[in-house]
Amino acid sequence: MFLKIKHFLSKIKILRSFLVRIFIIIVLVGSLPSLFIRYGILSTYTERAISLRISDVQTQGRILANHLVTYNYLQDSTSEVINAELSQLAEVYNGRVLIVDQNFKVIKDTYGLSVGKFMVSEEIIKCFNGENTTNYDEKNQYIEMTIPIVVSVEQTNPEGQSVSTSVVQGVLLISVSTESTQMTLRLLNRNAVLIELALFILIVGIAGGIAYLVTRPFHHVTSEIQKLQAGHYNDKISVPEYWETERISDAFNELYARIRVLDESRDEFVSNVSHELKTPMTSMKVLADSLLMQEDVPAELYREFMVDIADEIDRENKIINDLLSLVKMDKTKADLNIAQTDINALLELILKRLRPIAIKRDVEITLECIRPVTAEVDEVKLTLAISNLVENAIKYNNEHGWVKVLLDADHQYFTVEVSDSGLGIPEEAMDHIYERFYRVDKSHSREIGGTGLGLAITRSAILMHRGTIRASSTVGEGTTFLVRIPLIYVK
Ligand code: ADP
């Protein structure tokens, strides 16, 4: 039920505003009590006024009943005094008085309408039995009551003693109007409504003011962000009015700073890419121009320059391929094609593919598998990652050098260690080797066909497998890369 109401309210667009909600709550909390108070006071007043009137009329009626007995009115209804009293009573209370005798015959009616008629009602019968009745008819606005006319009769009991007993000889039927009470009530109600209305207007004003003040810091947050967007400020927003808005601004600032860093690194990446792609182009242009500017160029020189141009095209191709691999790695994990893979076979295949390059550089490569390993990995991406490491170990090696690949596993992870007897990486470069386009020795790396993207690709691929990569190196002695990947892929 509560949820249904909540769902319904959330559909009303305007109620989704914090300001409107606070406004409504304050108006309700402020004005509902006055409604209850008015209802409470007026109903207490009505009850009290009616009961006062009843007891008043009852007292008057009893006095009159006694007079009736004194004047023996039931037997002789011509008494001027009583008739005057009856008329006065009817007039004062804006009502009607009837007197019914023991035979249920009306002997007096101040309206003069029912004299001589018989009147038998539940109330009259009850009254003859000694029970007073009072009825308040709220709808028709009158009170009706019966008062017994009691006569003391002297009787002699069987022992011959005279005893006086009370006998109900008639009934006084009085009905009085409560219109005056209702009029007072209406007047009070009207005044109360007027006061309430004034109060309501005041509460609406106060509620509007409070709602505005309470929500102002949130508008402030929005306007600060808009200013930031428009470029008025350049680094952060500050809304310290509330603890909550301060936290929102802090979180926003953190996010914004991260976006800016991302933005900057993207700009840097784009400029690096352009630069890297331009370098082979420039070389090709220089080579081509120098051929074009000379006349009668010998065929051997043409050939030599064309070989150089083809090399540059290969290089351009490699950079583009590496960039594409990197972009693929940057995509979501959904792109991972995880399957149970024989890691020993995978490493053997990698080494088989790279052996020709190693032979060319006179580097010996060996694979040692401590145990057979199968793991949940993306074969293509992992192959790329490990190939890059082994290729680097061959590329940045010395003549007659060696590269060792070692596979091991425990119950949770498998590890691939790629160590070489090569150049090593200087201490200060260790933190940067995974950065895109970073190369320790730019010209040397270029010479041996490096793009500076290999380790970035490797690291991304390993992180996608929830793995880790660590490197240790000594310049002049060699480098070791240690890759550690869970045997079971965790999403
Ligand atoms: P590149 O395509 O230039 O090899 P990488 O991202 O693969 O780019 O490597 C970044 C740099 O780290 C390389 O330029 C090289 O200077 C250094 N490096 C990587 N692996 C080794 C290694 N096994 N031995 C020495 N230096 C290495």
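In each ligand, atom 1 is the first atom listed, and ligand 1 is the first ligand listed. Predicted, not measured: the structure shown is a model, and the values here were computed from it. Both backbone and side-chain heavy atoms feed into the values below; hydrogens, waters and symmetry mates do not.
Residue-environment remark: CZ (F200) stays at or below the threshold of 12 foreign heavy atoms within 6.0 Å. Around CD1 of I488, the count of heavy atoms belonging to other residues, nucleotides or ligands within 6.0 Å does not exceed 12. When the shell of 6.0 Å around CG of L292 is examined, it contains more than 12 heavy atoms from other residues, nucleotides or ligands. Atom CZ of R216 has 12 or fewer heavy atoms from other residues, nucleotides or ligands within 6.0 Å.
Closer than 4.0 angstrom to ligand 1 sit non-hydrogen atoms from N392, A393, K395, Y396, D420, G424, I425, I433, Y438, R439, V440, S445, G450, T451, G452, L453, G454, L455, T479, F481.
For the pair R470 and F481, the cation-pi test (distance below 6.0 Å, angle within 45°) is failed.
For residues 368-391, the set of pairs meeting the salt bridge (charged side-chain N to carboxylate O under 4.0 Å, His left out) definition, not counting sequence neighbours, comprises R371-D408, D378-K381.
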